[in-house]
Amino acid sequence: MTDWMELEKKYYMRTFEKVRLPVVLVKGKGARVWDDKGKEYLDFVAGWAVNCLGHSHPVVVKALNAQAKQLIHTSNQFYTVPQLQLAELLMKNSCLNRVFFANSGLEANEGAVKLARRYGKLKLNGAYEVITTFGSFHGRSLAMTAATGQESFHTPYTPMPEGFINVKNNDIDAIKAATTAKTCAVMLEPIQGESGVIVPDVDYLKKVREWCDSKGILLILDEIQTGIGRLGTLWGYQSFGIEPDIMTLAKGLAGGVPIGALLAKENCSVFVPGDHGGTFCGNPLACAVGYATLKYIIDNDIPGSVKKVGQYLMEGLLGLKKKYPFITEVRGRGLLVAVEFNSEIAPTVLMACLENGLLVNKPKPNVIRLMPPLIINNKDVDRAIGILDKVFSGIVR
Ligand SMILES: Cc1ncc(COP(=O)(O)O)c(C=O)c1O
């Protein structure tokens with residue numbers, strides 16, 4: 001039998017060495033996945049918050065099959081139906097007016113920053129700086145690495161592209177202090193995901209919105225992790241009572257098929273022909289699956305059920321917090337939740353969960369993050385809480 005882990009060691013660049021677990025996944029269905037030895041796991045990672053309808057959902061599979069038979073790819077010289085169906089669905093169900101499709105989160109964010117700079121050139125006397133926050137994560141291209149407010153991402157690649165100002169998170173005064181005549185936009189995640197689910201103060205985003213309005217600068221929301229129902233609202237911004245000028249999406253938009261999207265209000269949709277593009281952007285296969293996935297999410301009020309099951313998960317985790325004093329905090333919204341410990345036990349917890357058939361993620365050495373498929377039910381939550389309880393009871397603190 002082929003040793004896949006050995007093959008990875010031999011041929012693959014070493015980029016994933018820190019996160020790879022000793023498991024070869026071969027199959028998925030609903031909220032469950034199976035490894036090559038037949039062991040079953042409950043998946044509370046969902047491919048890093050991607051598999052929003054779970055694994056191999058019939059709606060995703062049907063759309064993939066149908067579009068694969070019809071038209072997989074053509075260039076943007078031509079109009080294609082799925083691209084425009086998905087565009088219309090997004091516009092009819094959000095506060096934004098225009099879309100550009102990309103292939104990943106970082107690409108959508110790159111597009112957003114280019115659009116903001118274009119806006120700066122046209123309407124803000126050439127302003128080009130974008131303010132972002134410490135602890136944020138916006139992707140891995142050079143520009144998005146600079147936008148990401150984490151020094152450790154910058155160090156291996158300095159010098160960083162200029163034009164990004166990283167400031168303290170959840171601090172409106174820090175944004176105010178960093179705003180100058182060179183500022184064209186503020187770019188934020190409604191909830192910082194990769195930093196361990198950092199939920200801002202209730203009025204923070206409202207204050208940022210007001211500040212951007214008063215200065216005439218743009219507010220870009222990176223909803224790559226928080227969008228598509230994850231917080232219990234279709235878009236994260238609805239959870240915070242504001243509207244962005246620009247919003248970026250990726251991850252769950254096509255239920256597991258790579259796609260990204262950059263959405264903007266009409267007044268800042270200032271790209272002119274030739275400003276932006278990409279071979280695979282708006283690819284019919286990805287857009288057809290995106291259309292089917294998003295339509296299912298909207299038609300079946302998946303955000304509403306995320307709210308309920310998310311509440312149930314939160315209650316279960318708070319119960320565990322009462323029982324295990326080494327849990328210092330349980331936080332999050334909907335199905336984006338983190339458990340923080342008083343010491344760096346997250347790697348031990350993650351491995352013990354794996355052993356017991358539960359997949360979790362560890363964004364920090366003292367934090368685990370849960371971001372299951374949006375279609376999980378209370379029984380799945382009971383099972384996850386049962387496994388966590390068992391794992392925690394084996395941890396002496
Ligand atoms: C908030 C946020 N922005 C951007 C990205 C980058 O997306 P991608 O990995 O698709 O480039 C991520 C990925 O985790 C993310 O969570």
Side-chain angles (χ1 to χ4, degrees), residues 13 15-16 18-19 44-52 100-116 130-150 152-154 157 164 166 169-170 185-200 205 219-231 235-237 239-240 244 246-263 278 280-281 283 286 289-290 293 332-338 360-364 367 369-372 374:
M13 291 211 187
T15 47
F16 294 122
K18 270 194 188 163
V19 293
F44 267 43
V45 179
W48 280 321
V50 168
N51 304 97
C52 55
F100 179 88
F101 291 114
N103 305 291
S104 65
L106 84 83
E107 247 188 68
N109 281 342
E110 285 271 349
V113 169
K114 281 176 75 177
L115 187 63
V130 176
I131 298 173
T132 67
T133 55
F134 292 133
S136 60
F137 183 77
H138 297 295
R140 301 271 194 169
S141 64
L142 263 185
M144 285 312 108
T145 298
T148 291
Q150 302 189 52
S152 60
F153 284 83
H154 301 175
Y157 304 110
F164 295 96
N166 308 141
N169 186 38
N170 194 25
V186 175
M187 178 156 105
L188 303 171
E189 296 161 76
I191 290 178
Q192 288 185 344
E194 297 305 296
S195 259
V197 189
I198 310 299
V199 185
L205 286 167
L219 176 57
I220 304 171
L221 286 187
D222 174 343
E223 293 239 22
I224 284 155
Q225 194 154 142
T226 55
I228 331 284
R230 179 131 316 259
L231 304 187
W235 315 115
Y237 68 76
S239 290
F240 293 94
I246 297 175
M247 170 168 83
T248 53
L249 302 172
K251 291 200 183 278
L253 180 54
V257 173
I259 193 168
L262 150 65
L263 289 74
F280 287 109
C281 295
N283 165 282
V289 186
T293 303
R333 288 264 178 110
L335 287 174
L336 182 60
V337 177
V360 301
N361 162 251
K362 99 182 142 48
K364 298 269 168 211
V367 177
R369 178 174 45 163
L370 309 177
M371 40 188 173
L374 307 181

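We count ligands from 1, going down the list as the structure has it; atoms in each ligand are counted the same way. The figures here come from the full heavy-atom set of this structure, side chains too, leaving out hydrogens, waters and symmetry mates.
- Two residues are said to be in side-chain contact when any heavy atoms from C-beta on lie closer than 4.5 Å; Leu188 and Leu221 meet this criterion.
- Near Glu194, meaning under 4.0 Å from any of its heavy atoms, are these atoms of ligand 1: 14 (O), 16 (O).
- A heavy-atom distance below 4.5 Å is not found between the side chains of His154 and Phe164.
- Residue His138 has at least one heavy-atom neighbour below 4.0 Å for each of these atoms of ligand 1: 3 (N), 4 (C).
- No side-chain donor from either of Thr148 and Glu194 sits under 3.5 Å from a side-chain acceptor of the other.
- Nearest to atom 16 (O) of ligand 1 among the protein's heavy atoms is Gln225 NE2, 2.8 Å.
- Per-residue contacts place Asp222 under 4.0 angstrom from the following atoms of ligand 1 (heavy atoms of the residue considered): 1 (C), 2 (C), 3 (N), 4 (C).
- More than 12 heavy atoms of other shown residues, nucleotides or ligands fall within 6.0 angstrom of atom CZ in Phe153.
- Taking every non-hydrogen atom of Asn109 and a distance limit under 4.0 Å, the qualifying atoms of ligand 1 come out as 3 (N), 4 (C).
- Residue contact check: Lys251 has heavy atoms under 4.0 Å from atoms 13 (C), 14 (O), 16 (O) of ligand 1.
- Proximity of atom 14 (O) of ligand 1 to the protein is indicated by at least one non-hydrogen atom lying closer than 4.0 angstrom.
- Interface of Leu106 with ligand 1, defined as ligand atoms under 4.0 Å from a residue heavy atom, comprises 6 (C), 7 (O), 8 (P), 11 (O).
- In terms of protein heavy-atom proximity, atom 2 (C) of ligand 1 is nearest to Phe137 O, 3.3 Å.
- Rounding to the nearest 0.5 Å gives a distance of 8.5 Å between CZ of Phe137 and CG of Leu106.
- Ligand 1 places these atoms under 4.0 Å from at least one heavy atom of Gly105: 7 (O), 8 (P), 10 (O), 11 (O).
- Contact check for Leu249 versus Trp235: side-chain heavy atoms found under the 4.5 Å cut-off.
- Atom CE of residue Met187 and atom NE2 of residue His138 lie 4.0 Å apart, to the nearest 0.5 angstrom.
- Annotation: side chain of Val197 is not in contact with side chain of Gln192 (no heavy-atom distance under 4.5 Å).
- Each of the atoms 1 (C) of ligand 1 lies under 4.0 Å from some heavy atom of Glu189.
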